*Asks:* 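Dumping the structure here so I can ask a few things about it.
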Number of protein chains: 2
Amino acid sequence: MKNQLKELRNQFNMTQEQLADKVAVSRQTIISIENGKYNPSLILAYKIAKEFRCSIEEVFDFSEVE
Amino acid sequence: MKNQLKELRNQFNMTQEQLADKVAVSRQTIISIENGKYNPSLILAYKIAKEFRCSIEEVFDFSEVE
DNA sequence: CCCTTATGTAAAGCAAACTTTACGTAAAGC
DNA sequence: GCTTTACGTAAAGTTTGCTTTACATAAGGG
């Protein structure tokens, strides 16, 4: 699944590690989601969106889902 | 996590089994999510919201998250 | 009464999310 | 050159979403 994580992180001047700490997951998890390696849990997606002050739909791209 | 699944399912006159088929998971999975037993994946949450023609935020309640 | 439909629980097993550790690399500063 | 910072990969291990099967119950219709 594509997403705007990298772009939003840059807009907020945040490193992967800082974001990981904020949403309470490991840096690996952020890297893997950023690179589309897997489908995060709903709560994690929500926490990330909240960190960037936007909706889940603005962070994650569902256009290619099913 | 609380959610509006049961209410939306009723509005759409849909059984748990019909919803499960539509979003391609087992009936158990729908039951467990409906009863707040766990945190679904983002893609599943999206598919459910899409089935009810609304946003993820309208189906799931994040007010008690972290 | 019986049968079907819709919902629920429980338990075992599988698949995938997430963690942890370790290592590689490129850029920037001293 | 050396060190630090930020990003990336890989692989093994833990946790949890999700499946499958089986069984229980209440409601409604014939």
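Not measured: the values here are computed from a predicted model. Letters A, B, ... are given to chains in the order of the sequence lines, protein chains preceding strands, and every chain is numbered from 1. Only heavy atoms go into these numbers, but all of them, side chains included; no hydrogens, no water, no symmetry mates.
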*Asks:* Nearest to the side chain of Tyr38(A), heavy atoms from C-beta on, is which of dA6(D), dA17(C), dA6(C)?
*Replies:*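 Within the option list, the nearest is dA17(C).
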
*Asks:* Looking at dT7(C), dG8(C), dT19(D), which one has an atom nearest to any side-chain atom of Ser26(B)?
*Replies:* dT19(D)

*Asks:* Would the distance check show the side chain of Asn3(B) and the main-chain N or O of Leu5(B) forming a donor-acceptor pair, the cut-off being under 3.5 Å?
*Replies:*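 The answer is yes, because a donor-acceptor pair under 3.5 Å joins these two groups.
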
*Asks:* Counting any heavy atom closer than 4.0 Å, what does Glu34(B) reach on the DNA or RNA strands: base, sugar-phosphate only, or nothing?
*Replies:*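 Result for Glu34(B) = sugar-phosphate.
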
*Asks:* Tell me whether the rings of Phe62(A) and Tyr46(B) are parallel (<30°), tilted (30 to 60°) or perpendicular (>60°).
*Replies:*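 Ring orientation, 0 to 90° scale: parallel.
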
*Asks:* Please state how far atom CG in Asp21(B) lies from atom P in dT20(D), giving the value in whole angstrom units.
*Replies:* 12 Å

*Asks:* Is the backbone of Lys2(B) close enough, under 3.5 Å, to the side chain of Asp61(B) for a donor and an acceptor to pair up by distance?
*Replies:* no

*Asks:* Is the distance from OP1 or OP2 of dC18(D) to the nearest side-chain N or O of Ser41(B) less than 4.0 Å?
*Replies:*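 It does, given that an N or O in the side chain of Ser41(B) lies less than 4.0 Å from OP1 or OP2 of dC18(D).
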
*Asks:* Does Lys6(B) have a side-chain nitrogen or oxygen under 4.0 Å from the phosphate oxygens OP1 or OP2 of dG8(C)?
*Replies:* yes

*Asks:* Could you check which residues of residues 53-62 of chain A get a heavy atom under 4.0 Å from DNA chain D? Sort them by number, please.
*Replies:*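 When residues 53-62 of chain A is checked for heavy atoms under 4.0 Å from DNA chain D, there are no hits whatsoever.
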
*Asks:* Establish whether Ile31(A) and Leu19(A) are linked, either directly or via other cluster members, by ILVMFWY side-chain heavy-atom contacts under 4.5 Å.
*Replies:*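 No, it is not one cluster - the side chains of Ile31(A) and Leu19(A) are not joined through contacts under 4.5 Å.
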
*Asks:* Would you mind pulling out the nucleotide paired to dC30(C), Watson-Crick or G-U wobble, both distances under 3.5 Å?
*Replies:* dG1(D)

*Asks:* Examine distances only and state if a side-chain atom of Glu57(A) and a backbone atom of Ile56(B) form a donor-acceptor pair shorter than 3.5 Å.
*Replies:*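 Yes: the side chain of Glu57(A) pairs with the backbone of Ile56(B).
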
*Asks:* Does dT20(D) have OP1 or OP2 under 4.0 Å away from a side-chain N or O of Gln28(B)?
*Replies:*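 Checking dT20(D) against Gln28(B), no side-chain N or O comes under 4.0 Å of OP1 or OP2.
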
*Asks:* Whole Å only: how far is the CG atom of Leu42(B) from the P atom of dA16(C)?
*Replies:* 16 Å

*Asks:* What's the shortest heavy-atom distance between Gln4(A) and Glu58(A), and which atoms?
*Replies:*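 Taking every non-hydrogen atom into account, CG-O, 3.8 Å.
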
*Asks:* dC18(C), OP1 or OP2 - any side-chain N/O from Thr29(A) closer than 4.0 Å?
*Replies:*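 Negative; the distance criterion is not met.
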
*Asks:* Rounded to whole angstrom units, what separation is found between the CD1 atom of Ile31(A) and the C1' atom of dA22(C)?
*Replies:*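 Distance, rounded to whole Å: 13 Å.
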
*Asks:* If you take all heavy atoms of Phe52(B) and Met14(B), which pair is closest and at what distance?
*Replies:* CE2-SD, 4.3 Å

*Asks:* Output side-chain donor-acceptor pairs under 3.5 Å for residues 20-29 of chain B, partner residues at least two apart or in another chain, one line each.
*Replies:*
from: Ser26(B); atom 1: OG; to: Thr29(B); atom 2: N; distance (Å): 3.3
from: Ser26(B); atom 1: OG; to: Thr29(B); atom 2: OG1; distance (Å): 3.1

*Asks:* Can you find a side chain N or O atom of Asn39(B) that sits less than 4.0 Å from OP1 or OP2 on dA17(C)?
*Replies:* no

*Asks:* Whole Å only: how far is the CG atom of Asn13(A) from the C1' atom of dA6(D)?
*Replies:* 13 Å

*Asks:* Please write out the pairs of protein N or O atoms and N or O atoms of nucleotides 23-30 of chain C separated by less than 3.5 Å, giving the distance to one decimal.
*Replies:*
none

*Asks:* Please state how far atom CD1 in Ile30(A) lies from atom C1' in dA6(D), giving the value in whole angstrom units.
*Replies:*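 So the CD1-C1' distance, Ile30(A) to dA6(D), works out to 14 Å.
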
